[in-house]
Amino acid sequence: MSITRAAPPGAGHRDPEEPRTADAPRGADRPRDMDEPGGAEADAPPVRAEGTRGRAGDQGWHFDSPLVLVMLLIVLVLAQGPVRGALSAPVMQSWMTVFVAVVLQALPFLVLGVLLSAAIAVFVPPAFFARALPKRPALAVPVAGMAGAVLPGCECASVPVAGALVRRGVTPAAALAFLLSAPAINPIVLTATAVAFPRDPEMVVARFVASLLVACSMGWLWQRLGRADWLRPPARPSHEGLGKGAAFWGSVRHDVMHAGGFLVIGAMAAATLKAVVPASWLHAAAGNPVVAILALAVLAVLLSICSEADAFVVSSLTQFSLTARLAFLVVGPMIDLKLFAMQAGTFGRGFALRFAPATFALAIVGSVLVGTVLL
């Protein structure tokens, strides 16, 4: 049995036109019974969700508070002596030299590629590609592969464009050939490769031939062995419904954040391999042709560097042969960690689990064949 308190006159008969105050929760205009659910906690202080920014007077502080930045700056000022000493070490000097060189060389190509990629994705209608490709899939595959040579863009942009092609009725074999070729053989990437390998101009030709060969081979392989239920129809692109300007700058911001972050990670990894890893280890791996090719192919998958910048990263690994570095340049734009996630999100996880391993193996084989002939 519960004992209820008598409500004062007028309680529970609030005028519907009377505004509710901001700090009065719904239901606070009538008292609660002690046995009523939530009654015992009615007067408890509100619990603020973790991660939300508090108002003045809230207890505690958060990681997004300016206090954290101030404390970090104070720590850096107090520890500037040890930090300066660490940065002046020969190893760190070598590390910083390689890191800055890679970033500064690759950044202009990265920005230009992102701008052109966003312009193509937003202002060129996908129906244009559907009308330009031959109706026969066997002929559409090489045409779509060659189309990547005239459409600048990184692999981050090629996945949504390929999804738009499939959604507009282009045969999946041709769309997949474009997906693999566009990030590897477009003018921005080939120009960056020529700048990164000034003494080895044959690397540009080898990258173009090997990447186009692998892209067309994967397209024909999918046409012959692929099944419709392995490829999920891609969802509607996120930029539909926005204005051209908003979609363009949204695409630019997305690609700059993703590609720029992976460029920094790749430059840090290249600098670490160059400055920290003992030269004997690198020479041991590079001395075995099979191990060298596999090592750089796996490294390309793990680093996930944007194709506009990968040539500058791998050109610093002079211990490895040109064929091994060619494998890095062919594998990276076709399959890496971020590409696997994007392909799984666009076409389905079942597709990515079949497509990625086949692409990785075929890219290594194509790199070895072309490298043996041209390098």
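All figures in this text were calculated on a predicted structure; none of them were measured in a lab.
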Hey, any chance V365 and L322 share a hydrophobic cluster, counting ILVMFWY side chains that come within less than 4.5 Å of each other, even indirectly?
-> no
Using the side chain to side chain contact (heavy atoms under 4.5 Å, CB included) rule, take M268 and W95 through it: C-alpha gap first, then chi angles, then the decisive distance, then the call.
-> CA-CA 8 Å; M268 293 174 63; W95 190 93; 4.0 Å; yes
Search all heavy atoms of C216 against all heavy atoms of V141 and return the closest pair with its distance.
-> O-CG1, 3.6 Å
Considering only heavy atoms from C-beta outward, does the side chain of F340 approach that of L353 to under 4.5 Å?
-> yes
Given side chains that start at C-beta, do those of D310 and V314 come closer than 4.5 Å, heavy atoms only?
-> no
If you take all heavy atoms of V301 and I335, which pair is closest and at what distance?
-> CG2-O, 3.5 Å
CG-CG distance between L299 and L317, expressed to the nearest 0.5 angstrom | 7.0 Å
Side chains of F328 and I305: closer than 4.5 Å at any heavy-atom pair?
-> yes
Are M334 and S211 side-chain neighbours, meaning at least one heavy-atom pair lies under 4.5 Å?
-> yes
For residues I364 and I293, determine if any side-chain heavy atom of one lies less than 4.5 Å from a side-chain heavy atom of the other.
-> yes
What distance separates W222 CH2 from T359 OG1, expressed to the nearest 0.5 Å?
-> 10.0 Å
Could you give the distance from CD (Q343) to CG (L179), rounded to the nearest 0.5 Å?
-> 5.5 Å
State plainly whether one hydrophobic cluster holds both L303 and W281, where clusters connect Ile, Leu, Val, Met, Phe, Trp and Tyr through side-chain heavy atoms under 4.5 angstrom apart.
-> yes
Of all heavy-atom pairs linking L190 and I185, the shortest is CD1-O, 3.4 Å
Exactly one of V290, L296, V291 clears side chain to side chain contact (heavy atoms under 4.5 Å, CB included) with L294, and that residue is V290
Ring pair (Phe, Tyr, Trp, His ring centres under 6.0 Å) contacts in which one or both residues fall within residues 353-373, not counting sequence neighbours | F351-F355
Whether S321 side chain and A324 backbone form a donor-acceptor pair below 3.5 Å = yes
Specify the closest pair of heavy atoms between S217 and L362, including all atoms of both residues, with the distance to one decimal.
-> CB-CD2, 3.6 Å
Are the side chains of T193 and M203 in touch, meaning some heavy atoms are under 4.5 Å apart?
-> yes
Minimum-distance pair of heavy atoms, taken over all atoms of R207 and L329 = NH2-O, 3.4 Å
Honestly curious: do L369 and V204 fall in one hydrophobic cluster under the side-chain, below-4.5 Å linking rule?
-> no
Nearest non-hydrogen partners of W220 and P142, listed with the distance = CZ2-CD, 3.9 Å
Any donor-acceptor pair under 3.5 Å linking the side chain of N186 with the backbone of I188?
-> yes
Student check: side-chain heavy atoms of R325 and F197 closer than 4.5 Å = yes
Interatomic spacing from OG1 in T171 to CG in L133 - rounded to 0.5 Å = 9.5 Å
V205 vs L374 side-chain heavy atoms within contact, under 4.5 Å = yes
